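Working notes, beginning with the structure itself.
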Amino acid sequence: MPELPEVEITRRGIEPHIYNQTITQVVIRQSQLRWRIPKIIESELAQQVIQSVTRRGKYLLLNTARGHLILHLGMSGSLRIAKHESDIRKHDHFDLVFNDFSLRLHDPRRFGCVLWTKRNPMHHKLLASLGPEPLSSEFTAEYLYHSSRNRRVAVKEFIMNSHIVVGVGNIYATEALFMAGIHPKRTAGNVSLQRYIRLTKAIKIVLNRALECGGTTLRDFSNEQGQPGYFSIELQVYGRAGQPCAICRNPLASIKQSQRTTTYCKHCQK
DNA sequence: ACAGTAACCTGTTTGC
DNA sequence: TGCAAACAGGTTACTG
């Protein structure tokens with residue numbers, strides 16, 4: 001999926017188009033995503049004005065006076081601003097129709113979701129227990145250090161856990177561990193504060209740089225105009241198994257951790 | 001509370 | 001060339 005940078009790029013892209021705009025219609029073409037899209041939004045959202053577009057982790061929130069639409073892009077989702085006359089492509093599952101365009105959700109794998117709550121969305125079951133935002137001041141080495149004591153999972157799985165910290169997916173976890181020189185299989189509970197200082201810095205640097213590049217596009221991701229992000233050309237290890245390490249030139253190794261590929265340098269990451 | 005695994009989907013790439 | 005298996009940006013639900 002879209003990890004945090006891609007979701008934030010999407011948020012920034014759609015906000016100026018839909019802010020203060022009135023939804024004229026809701027179109028559900030395929031309701032069966034990760035969870036069924038609630039049909040009630042067809043009536044609830046009609047004539048509602050978008051008051052703000054916010055983000056929590058990888059969730060996008062479209063806020064109206066009547067309630068909050070919670071969107072997640074899953075592994076393959078993207079949102080775009082589509083002209084009314086533009087063709088509906090396969091996997092265009094959902095539209096919010098405005099006067100001059102539609103906000104259109106495209107998601108081939110359907111791991112994304114579109115949910116609705118009338119209450120404070122931060123209290124929604126899926127959002128209530130999320131960890132801190134990685135680019136916020138709450139996300140510190142001390143926080144990671146303390147919350148990892150007695151945890152036996154590998155440090156890579158630990159930082160990919162959204163209840164620990166949101167927004168860090170497979171690409172950026174892989175890249176940040178390389179930047180920090182930390183072996184991805186090291187037990188989270190045995191990582192020193194010094195190492196977590198390096199890791200928190202690396203996570204912030206990698207995410208901020210990806211944001212500057214418009215995100216990472218491997219195949220599916222595109223911004224609200226349908227354009228890719230360019231951080232992929234700066235990836236140091238992700239997708240580069242067998243290629244020489246940028247630092248020591250030894251070939252990069254590849255392993256599986258919780259069914260996810262991890263690429264790393266045996267020499268530079270300890 | 002924690003750890004490990006299966007599950008939800010389709011499309012593309014890889015291997016025989 | 002054809003077919004099957006493996007793999008892909010995520011995260012919840014379930015089991016022990």
Side-chain angles (χ1 to χ4, degrees), chain A residues 1-11 29-37 55-60 70-79 89-94 105-115 124-131 134 146-177 185-190 203 206-207 210-211 213-223 228-235 237-242 254-263:
Chain A
M1 148 191 197
E3 301 184 34
L4 185 144
E6 292 75 37
V7 178
E8 178 59 20
I9 290 296
T10 299
R11 191 198 68 76
R29 297 188 194 82
Q30 165 61 275
S31 66
Q32 204 60 58
L33 304 185
R34 175 81 198 263
W35 295 284
R36 183 171 284 277
I37 301 176
R55 179 186 59 74
R56 177 71 177 100
K58 298 175 189 172
Y59 292 93
L60 283 170
I70 302 173
L71 292 163
H72 196 291
L73 300 178
M75 288 278 259
S76 58
S78 58
L79 284 169
R89 298 170 300 164
K90 193 175 181 183
H91 308 303
D92 281 345
H93 304 313
F94 173 79
L105 175 68
H106 178 84
D107 184 8
R109 293 184 69 183
R110 287 193 263 143
F111 287 174
C113 65
V114 177
L115 299 172
H124 189 281
K125 186 182 168 189
L126 294 175
L127 279 72
S129 60
L130 292 177
H146 289 301
S147 50
S148 64
R149 294 310 90 180
N150 303 319
R151 294 294 292 263
R152 308 184 70 81
V153 289
V155 62
K156 183 190 179 226
E157 296 165 288
F158 186 68
I159 60 171
M160 287 181 68
N161 181 343
S162 63
H163 299 287
I164 301 302
V165 57
V166 297
V168 182
N170 202 32
I171 296 177
Y172 300 116
T174 299
E175 292 294 314
L177 286 164
K185 286 181 80 169
R186 192 175 265 271
T187 302
N190 291 340
I203 289 170
V206 167
L207 294 178
L211 275 168
C213 295
T216 300
T217 296
L218 299 180
R219 54 165 63 82
D220 289 319
F221 176 71
S222 57
N223 69 12
Y230 295 97
F231 189 67
S232 45
I233 58 180
E234 297 190 21
L235 295 173
V237 279
Y238 182 88
R240 295 189 175 279
S254 180
I255 55 171
K256 284 281 181 199
Q257 294 182 277
S258 302
Q259 294 123 262
R260 310 302 295 276
T261 299
T262 303
T263 306

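Chain letters run A, B, ... following the sequence lines, proteins first and then strands; every chain starts at 1. Nothing here was measured: the structure is a model prediction, and the numbers come from that model.
Looking at which nucleotide of DNA chain B each of A/His91 and A/Arg151 is closest to, the 5′-most match is held by A/Arg151. When each of A/Val153 and A/Arg110 is assigned the nucleotide of DNA chain B bearing its nearest heavy atom, the one mapping closer to the 5' terminus is A/Val153. Taking the nucleotide of DNA chain C with the nearest heavy atom to each of A/Phe221 and A/Leu130, the more 5' of the two is matched to A/Phe221.
Atom-to-atom distance recorded for A/Arg55:CZ and A/Ile9:CD1 is 10.5 Å, nearest 0.5 angstrom. Note that CG of A/Leu130 is 11.0 Å distant from NE2 of A/His124, once rounded to the nearest 0.5 Å. Distance check: A/Lys156 NZ to A/Arg260 CZ gives 6.5 Å after rounding to the nearest 0.5 Å. Within the model, atoms CD1 of A/Ile37 and CD of A/Gln32 stand 9.0 Å from one another, a figure rounded to the nearest 0.5 Å.
Among the protein residues, A/Thr261 comes within range of the sugar-phosphate backbone only, with heavy atoms under 4.0 Å from sugar or phosphate atoms but none that close to a base. Residue A/Leu126 is classed as a sugar-phosphate contact, given heavy-atom separations below 4.0 Å to backbone atoms only. Residue A/Arg34 is classed as a base contact, given a heavy-atom separation below 4.0 Å to a base. At a threshold of 4.0 angstrom between heavy atoms, the contacts of A/Arg219 include nucleobase atoms, whether or not backbone atoms are also involved. Nucleic acid contact class of A/Gln259 (heavy atoms, under 4.0 Å, all strands): base.
Near-neighbour residues of DNA chain C inside residues 161-169 of chain A, defined by a heavy atom below 4.0 Å, number-ordered: A/His163, A/Gly169.
Rounded to whole Å, the distance from CG on A/Leu127 to P on C/dT11 is 11 Å. Going from atom CZ of A/Phe111 over to atom P of C/dA8 covers 13 Å, rounded to whole Å. Between the CG atom of A/Asp107 and the P atom of C/dA8 there is a distance of 18 Å, given to the nearest Å. Atom CG of A/Asn170 is separated from atom C1' of C/dT11 by 13 Å (rounded to the nearest Å). For the pair A/Leu71 CG and C/dT11 C1', the computed distance is 16 Å after rounding to whole Å. A straight line from CD1 of A/Ile171 to P of C/dG10 spans 7 Å, rounded to a whole angstrom.
Contact between A/Val206 and A/Glu175 at its shortest, heavy atoms only, is CG1-CB, 4.2 Å. Heavy-atom minimum distance, A/Cys113 versus A/Tyr59: SG-CE2, 4.5 Å. Taking both residues in full, the closest heavy atoms of A/Leu73 and A/Pro2 are given as CB-CG, 3.7 Å, listed atom of the first, atom of the second, then distance. Here the closest heavy-atom approach between residue A/Val165 and residue A/Ile159 is recorded as CG1-O, 3.4 Å.
Proximity of a side-chain donor or acceptor of A/His93 to a complementary backbone N or O of A/Leu105 within less than 3.5 Å is not detected. Formation of a donor-acceptor pair under 3.5 Å by the A/Thr217 side chain with backbone atoms of A/Phe221 is found in this model. Side chain of A/Gln30 to backbone of A/His91: no donor-acceptor contact under 3.5 angstrom is found.
Of the C1' atoms belonging to B/dG11 and C/dT12, the separation is 23 Å, rounded to the nearest Å. Separation of the P atoms belonging to B/dT5 and C/dC7 is 16 Å when rounded to the nearest angstrom.
For DNA chain B, the outermost nucleotides in 5' to 3' order that have an atom under 4.0 Å from a heavy atom of chain A are B/dC2 to B/dG11.
Contact between the side-chain N/O atoms of A/Lys125 and the OP1/OP2 oxygens of C/dA13 is found at a separation under 4.0 Å. One finds no side-chain N or O of A/Tyr172 lying less than 4.0 angstrom from the OP1 or OP2 phosphate oxygen of C/dG10.
Between A/Ser78 and A/His106, the side chains place no donor N or O within less than 3.5 Å of an acceptor N or O (distance only, hydrogens not considered). Neither side chain, A/Lys256 nor A/Thr262, offers a donor N or O lying under 3.5 Å from an acceptor on the other.
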Strand DNA chain C in bracket notation, Watson-Crick/G-U under 3.5 Å with | for pairs to another chain = .|||||||.|||||||
